[in-house]
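The next block holds one structure in the form of structure tokens; read it before the comments.
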Amino acid sequence: MLSPERLQAGLAQFTGTETWYRYRFGQAILAYYTDGIKYLVENADCYWLLTEIVSVHDQAAICAEPFQVWHLTVTEEQAATLVCEDGNDNVIFSKDIPYTDFPLEEITVWVEYGEIEGAIKPILLLPSEH
């Protein structure tokens, strides 16, 4: 896991993506994610964050939003809150996470729905990659 400073510096370099990575459950592709998200999950050891975001995309309130802003905020006690907003600061989902070793105080992930490989799926990206 990178230090918070090195992780932030690394994340700042992403302004687009060259590859769509598949988030799978068995044979099913549930979502796609970008180079920046891949860098985040590998260097912050937080594949669990992808799982948290993707696992609720079958809920009607979340699926109804074609654009979502996900915020993970970590407290000094290493607890966290994961919040999904609709892009207009309206909260549509929130979850408390009792413990995390996520190295940053906060991170924002955007989710857009798009067509890749003939299917419309959620795409997770860093705000700088839009």
Side-chain angles (χ1 to χ4, degrees):
M1 188 179 318
L2 294 179
S3 70
E5 297 78 20
R6 289 190 63 204
L7 182 59
Q8 284 283 28
L11 291 171
Q13 72 179 329
F14 293 98
T15 58
T17 196
E18 293 184 13
T19 305
W20 299 110
Y21 299 92
R22 294 174 184 94
Y23 180 92
R24 293 180 181 270
F25 183 76
Q27 293 296 316
I29 298 171
L30 301 181
Y32 293 89
Y33 57 98
T34 61
D35 292 328
I37 296 295
K38 183 176 190 295
Y39 180 88
L40 172 68
V41 298
E42 288 180 349
N43 290 287
D45 195 23
C46 65
Y47 279 97
W48 61 267
L49 182 57
L50 289 183
T51 301
E52 290 289 346
I53 293 171
V54 171
S55 68
V56 296
H57 272 271
D58 59 350
Q59 294 184 15
I62 295 172
C63 288
E65 296 299 330
F67 174 77
Q68 302 149 22
V69 179
W70 290 79
H71 302 284
L72 178 70
T73 307
V74 180
T75 68
E76 289 181 15
E77 295 79 25
Q78 294 304 116
T81 303
L82 181 62
V83 174
C84 176
E85 298 176 349
D86 64 0
N88 294 313
D89 299 322
N90 298 310
V91 174
I92 55 175
F93 174 83
S94 180
K95 180 177 181 176
D96 292 327
I97 299 169
Y99 174 79
T100 181
D101 62 353
F102 189 75
L104 302 176
E105 291 179 9
E106 61 183 6
I107 190 75
T108 298
V109 173
W110 286 0
V111 176
E112 302 175 338
Y113 281 81
E115 184 175 342
I116 300 175
E117 299 177 335
I120 296 176
K121 297 287 183 184
I123 302 168
L124 288 75
L125 62 150
L126 298 174
S128 62
E129 292 180 295
H130 189 266

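In this chain, residues are counted from 1 in sequence order. None of these values were measured; they are calculated from a predicted model.
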Pairwise distance CG(L124) to OH(Y21) - rounded to 0.5 angstrom:
14.0 Å

All heavy atoms of L126 vs all of T34, minimum pair found to be N-OG1, 4.3 Å

Gap between atom OH of Y23 and atom CD1 of I53 - 0.5 Å precision:
10.0 Å

Closer than 3.5 angstrom, by distance alone: can the side chain of T75 be matched with the main-chain N or O of E77 as a donor-acceptor pair?
yes

If you measure from CG on L7 to CZ on F102, what distance do you get to the nearest 0.5 Å?
6.5 Å

With a 4.5 Å heavy-atom cut-off, do E18 and D35 have their side chains touching?
yes

Ring-plane angle category for F14 and Y39, please: parallel below 30°, perpendicular beyond 60°, tilted otherwise.
tilted

Supply the atom-to-atom distance E85 CD to I92 CD1, rounded to the nearest 0.5 angstrom.
9.0 Å

Side chains of E42 and Y47, heavy atoms from C-beta outward: is any pair under 4.5 Å?
yes

Roughly how far, to the nearest 0.5 Å, is the OG1 atom of T100 from the CD atom of Q78?
7.0 Å

Can you name the salt bridge (Lys or Arg N to Asp or Glu O under 4.0 Å) partners of E105, sequence neighbours left out?
none

If hydrophobic clusters are built by linking Ile, Leu, Val, Met, Phe, Trp and Tyr wherever their side-chain heavy atoms come under 4.5 Å apart, do L50 and L40 end up in the same one?
yes

Note, L82 side chain near I97 side chain (heavy atom, < 4.5 Å):
yes

Check whether N88 reaches the backbone of N90 with its side chain - one donor and one acceptor, N or O, closer than 3.5 Å.
no

Transitive ILVMFWY side-chain link V41 to L11, under 4.5 Å:
yes

Looking just at side-chain N and O atoms, do Q68 and W70 make a donor-acceptor pair shorter than 3.5 Å?
yes

When you compare the side chain of V74 with that of L104, does any pair of heavy atoms fall below 4.5 Å?
no

Hphob cluster co-occupancy, W48 + V111, side-chain heavy atoms under 4.5 angstrom
yes

What one should report as the nearest heavy-atom pair of S55 and E52 is OG-O, 3.2 Å

If you draw a 6.0 Å radius around CZ in R6, do more than 12 non-hydrogen atoms from other residues or ligands fall strictly inside?
no

Within the side chain of Q13, is there an N or O that forms a donor-acceptor pair under 3.5 Å with the backbone of G10?
yes

Do the side chains of L30 and Y33 join up, straight or via other hydrophobic residues, at under 4.5 Å, putting them in one cluster?
yes

Q59 side chain to V56 main-chain N or O, any donor-acceptor pair under 3.5 Å?
no

Are any of the side-chain heavy atoms of L49 and I37 separated by less than 4.5 Å?
no

Mind checking whether V54 and F25 sit in one hydrophobic cluster, side chains of I, L, V, M, F, W, Y counted as touching below 4.5 Å?
yes

Between I29 and I116, is there a side-chain heavy-atom distance shorter than 4.5 Å?
no

Could you tell me which non-hydrogen atom of A80 sits nearest to which non-hydrogen atom of L72, and how far apart they are?
CB-CD1, 3.8 Å

Measuring from I107:CD1 to Q8:CD, what's the distance to the nearest 0.5 Å?
6.0 Å

Non-hydrogen side-chain atoms of I123 and Y113 separated by less than 4.5 Å:
no

Would you say the side chains of E117 and Y32 form a donor-acceptor pair under 3.5 Å?
yes

